[in-house]
Amino acid sequence: MEISDSCSFFSCIKKGWHAMKQTAKVKRDSKKTLRLVKRFIPVYLMALPGIIYLFINNYMPLPGLVLAFKKYSTKKGIWGSPWVGLKNFKYLFRTQDAWIITRNTLGYNILFIIVNVVMAVSIAIILSELTTRWKKVYQSTILLPHFLSTVIISYLVFAFLSSENGFLNNSIFPLFGKEQIPWYTEPKYWPFILVFVQTWRGVGYNCIVYLSTILGFDREIYEASAIDGASKWQQIRKITLPLLRPTIIMLVLLSVGRIFYSDFGLFYQVPQQSGVLMNVTQTIDTYVYRGLLERNDMPMATAAGVYQSLIGFILVMSANLIVRKIDPDSALF
Amino acid sequence: MKKILALMMCLVLTAGTLAGCGGGQAETNGGAAAPAADDTGAEAAGDEAAAGEAASDLITDFGGETIVVALYCNDDSVLGKDRVFGKIKEYYLDTYNINVEFVTSLMGDYTQSVNMMLSSGEQVDIFSSGVMNFSNTVANESTYDLNEGDLLNNYGKDIVELIDPEFLKGCVVNGALYGIPCMRDLATGMWCVVVDKEYMDGIDYDYSQINMEEVNPATAEDMTELFTQLHEAYPDVNVVYPWNYGYLGQKLAYDAIGGDVFGVLLDPSNSLEVSNLFTSDMFREYCQLMYEWQQAGFMSKDAATETQNGGAQVIAGTLIADTTAGKPGIVRQKEAERGGRDSVVFQLGPDFVASSAPVGAAWSINSTTEAPEAAMTVLNDLYTSPVVTNLLLWGEEGVDYVLTESGHCTFPEGVTEQTVEYYNLVWAWMMPCEYPTYVREGDDIDLWEKTIDFNNNAMKSKALGFSFDSSEVSAEYTALTNVWEEYGNSLVFGLIEPEAGIAELNERLEAAGLQTYIDAKKEALEAWAAENGVE
């Protein structure tokens with residue numbers, strides 16, 4: 001529920017802010033502004049715990065980023081440790097792996113964003129059109145995988161794919177007289193498997209926001225269009241999707257910001273850490289984890305984090321810039 | 001009306017959340033306040049002690065100084081933990097007037113939690129730098145030089161007596177002694193195969209040459225022959241699980257100097273030449289053997305993705321044999337791991353002490369400790385006092401254990417492994433030193449003497465005492481580790497054809513900077529050899 005909460009929360013704040021700005025612009029009446037601020041006090045109060053959490057969790061550790069540029073000594077502490085420039089970043093770009101991990105991280109995430117949006121919007125629309133009383137059951141069933149831990153998911157996948165006892169290799173394929181496939185040593189299948197698993201797991205959660213937005217649309221529009229003879233398909237194309245656009249753009253922008261972070265569990269646990277698959281399953285996070293697991297080198301790990309956030313920041317800003325050029329109303333900021 | 005209602009709801013909600021936060025905070029503050037108060041007390045006492053130092057040479061009364069020891073353990077939810085720690089505290093208070101406190105974390109969390117304590121400045125005086133990666137801990141300047149002010153000789157007399165200087169040398173970096181080796185089996189019985197006896201009975205194995213209590217020397221050919229028979233008799237059970245690539249060092253007697261496999265000594269007892277393990281005959285032959293075993297159907301096709309350990313697979317009935325590192329008492333230990341099933345152990349390699357063995361689980365004092373003398377005193381008794389070590393391992397005599405007439409340790413009457421309050425918090429090998437402890441019923445009463453002999457008689461690496469700070473070549477290290485992880489399991493489980501696989505692995509390693517890394521190691525080793533007069 002976090003996303004939907006925070007989204008409605010963001011849009012609430014945004015609306016309040018816009019309203020205030022506009023009113024202030026038109027009237028330039030300080031008393032009026034004051035009254036508006038007063039009016040929104042409950043909203044700010046509601047936001048307060050979130051803001052405090054955000055500050056403690058996301059802003060207070062920021063000074064720790066200097067660690068990425070230092071040679072760490074516990075004796076001298078973070079601030080007293082000597083500077084070493086960009087040395088800690090070197091390992092991220094040193095070898096041919098740098099290309100592979102960047103390609104995998106970006107490629108998979110772009111794929112995930114596209115597939116997730118298409119699937120989540122479709123399912124949300126289908127659910128919103130359903131009138132049966134089983135609707136809630138469907139929705140909960142789709143949502144269920146989201147609550148499974150990745151470790152459990154990795155074993156569900158293993159139960160399907162294992163060579164010795166796997167469901168596919170030992171129960172399904174023999175029925176059709178097909179040869180066994182050694183899934184965990186064949187890299188070519190994994191881009192599909194990973195996208196499938198990620199979508200299966202995430203789609204229920206992602207469609208909640210879309211579904212709640214669709215349910216908030218004014219039913220009168222649909223009734224009016226029905227009177228004019230619009231079919232269901234026309235309604236979806238001409239009414240639902242255009243109205244849904246700002247939400248889609250906002251959610252995509254938010255995921256673009258995390259495009260340089262990969263779902264660690266998905267890429268580390270689900271392939272069962274099979275080395276042969278690394279070409280298609282290694283991402284920045286798993287590379288850093290594997291490389292530093294033994295050494296437990298904090299500055300190098302921090303360097304990877306700094307690099308990821310920096311790229312994420314740049315990507316979000318530029319994506320937002322592009323959106324603002326095309327459609328100013330949909331831009332995040 | 002609605003608005004007012006909404007406003008009130010908001011206020012109540014917010015207030016509720018804040019109250020929740022506030023309550024939590026107060027609690028943690030309260031928790032933190034207590035040790036803080038102790039600290040000030042200890043400091044004052046420390047000052048007194050310092051004043052006392054001027055009068056006599058060595059401190060004998062530490063004035064209630066607090067020393068925090070970070071233990072790694074097997075099960076830290078043991079019921080009698082606080083009671084037993086209380087007893088240990090009592091001992092230290094009575095003997096030295098030192099207030100010893102323990103913090104425990106599980107093996108898997110240890111590195112992270114101690115790192116957290118070190119970097120946040122929380123008090124921790126004694127910790128195992130070996131478990132946290134010794135060279136990295138030293139590079140982070142987290143360890144205290146035990147030669148400073150002759151600390152070890154003054155306050156760790158018993159340790160000096162206990163530990164062979166050759167092993168102690170293993171913890172010296174640039175002339176400074178940064179830790180004390182964990183005293184347990186430092187040698188490794190290379191390439192041991194543990195076979196479940198039930199299956200061997202099934203093929204009417206001839207036991208006339210077999211010693212059931214100790215390891216039996218054997219060759220790879222013997223094993224292949226045995227496995228062939230076992231496979232014929234039990235085609236549905238996997239014959240052998242040789243563990244993953246991380247355990248290669250338990251099979252081949254190369255010395256992974258500096259703690260990693262990139263640049264090793266292939267003939268460690270005779271030569272200091274740093275070579276590439278992956279182009280060696282030793283490695284190729286091993287991979288070839290594993291490939292043959294895999295082709296013959298001795299190993300699971302899923303071996304590379306196996307996450308259960310060998311013992312669990314044997315208990316589950318899916319496996320006959322796995323591999324291990326040999327040491328005195330290994331047969332009983334493996335049988336215990338396998339739920340008491342009889343086992344036969346073969347050893348295919350020599351007994352060997354690798355250069356990194358002494359630092360492997362070394363214990364150190366924090367470089368920021370305020371009372372190094374007190375910390376050294378505590379550490380001294382953690383290594384050598386029968387009272388402290390037995391409390392830690394077994395708990396209270398009469399309550400958690402009793403001694404049999406033969407001097408073995410067993411549960412008191414009416415108490416079992418399941419009902420005893422203090423048991424298995426740590427295993428003997430997790431303690432700084434296992435030698436002063438009582439031996440478990442079923443083990444040889446002279447188990448520790450045997451272990452000491454085992455260490456002393458084993459083949460030793462010439463580079464014993466060399467440690468390598470890889471921070472200058474960390475970029476290469478990360479890349480190499482990733483390449484090795486990519487190929488390691490496929491090769492050691494014989495899943496890919498060795499000739500082609502090894503060639504490809506070497507190509508990738510070269511591209512990742514293997515030569516640069518080996519050169520850096522070579523240079524460090526030469527400098528170390530010159531400094532220490534090793535030829």
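For the numbers below, each heavy atom of this structure counts, side chains included, while hydrogens, waters and symmetry mates do not. The sequence lines fix the lettering, A, B, ..., with proteins before strands; numbering per chain opens at 1. Because the structure is predicted, anything quoted here is derived from the model rather than measured.
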Does atom [atom1] ([X]) have a neighbourhood of more than 12 heavy atoms from anything else shown, all under 6.0 Å?
X	atom1	value
Asn174(B)	CG	no
Tyr53(A)	OH	no
Tyr307(A)	OH	yes
Lys71(A)	NZ	yes
Gln112(B)	CD	no
Arg103(A)	CZ	yes
Met107(B)	CE	yes

Evaluate side-chain contact (heavy atoms from CB on, under 4.5 Å) for Lys87(A) paired with Glu472(B), printing each intermediate quantity in order.
CA-CA 9 Å; Lys87(A) 193 170 154 261; Glu472(B) 287 306 312; 4.0 Å; yes
To the nearest 0.5 Å, what is the distance between CE on Met298(A) and CG on Asn136(B)?
9.5 Å
Quick one: pull up OG1 in Thr185(A) and CD1 in Ile496(B) and give me the separation to the nearest 0.5 Å.
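Those atoms lie 10.0 Å apart.
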Using a 4.5 Å cut-off on heavy atoms from C-beta on, say whether the side chain of Gln273(A) contacts that of Asn489(B).
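The answer is no, as the side chains (C-beta and beyond) never meet within the 4.5 Å cut-off.
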Could you list the residues that satisfy ring-ring contact (aromatic ring centres under 6.0 Å, His included) with Tyr189(A), not counting sequence neighbours?
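Trp183(A).
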Test ring-ring contact (aromatic ring centres under 6.0 Å, His included) applied to Tyr184(A) - qualifying residues, sequence neighbours left out
Phe158(A), Trp190(A)
Considering only heavy atoms, which portion of [X] lies under 4.5 Å from any heavy atom of chain A: side chain, backbone, both, or neither?
X	answer
Ser490(B)	side chain
Asn238(B)	side chain
Thr368(B)	side chain

Who wins among Val483(B), Asn482(B), Thr305(B) for the most heavy-atom pairs under 4.5 Å with chain A?
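Winner by heavy-atom pair count: Asn482(B).
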Between Ala139(B), Ala304(B), Gly488(B), who has the most heavy-atom pairs with chain A when the cutoff is under 4.5 Å?
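Heavy-atom pair counts peak at Ala139(B).
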Residue pair Ser119(B) / Tyr72(A): nearest heavy atoms and the distance that separates them:
CB-OH, 2.6 Å
Which heavy atom of Lys90(A) sits nearest to which heavy atom of Ala475(B), and what is that distance?
CE-CB, 4.0 Å
Using non-hydrogen atoms and a 4.5 Å limit, figure out which bit of Tyr155(A) sits close to chain B: side chain, backbone, both or neither.
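Looking at Tyr155(A), just its side chain touches chain B.
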Distance only, no hydrogens: is a donor on one side chain within 3.5 Å (strictly under) of an acceptor on the other, for Thr74(A) and Asn140(B)?
no
So, Ser73(A) and Glu141(B): side-chain donor and acceptor under 3.5 Å apart, yes or no?
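Ser73(A) vs Glu141(B): donor-acceptor pair found between side chains.
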Just so I understand: if I count every heavy-atom pair under 4.5 Å between each of Met278(A), Gln282(A), Gln272(A) and chain B, which residue has the most?
Met278(A)
Salt bridge present between Lys301(B) and Glu164(A) (N-O < 4.0 angstrom):
no
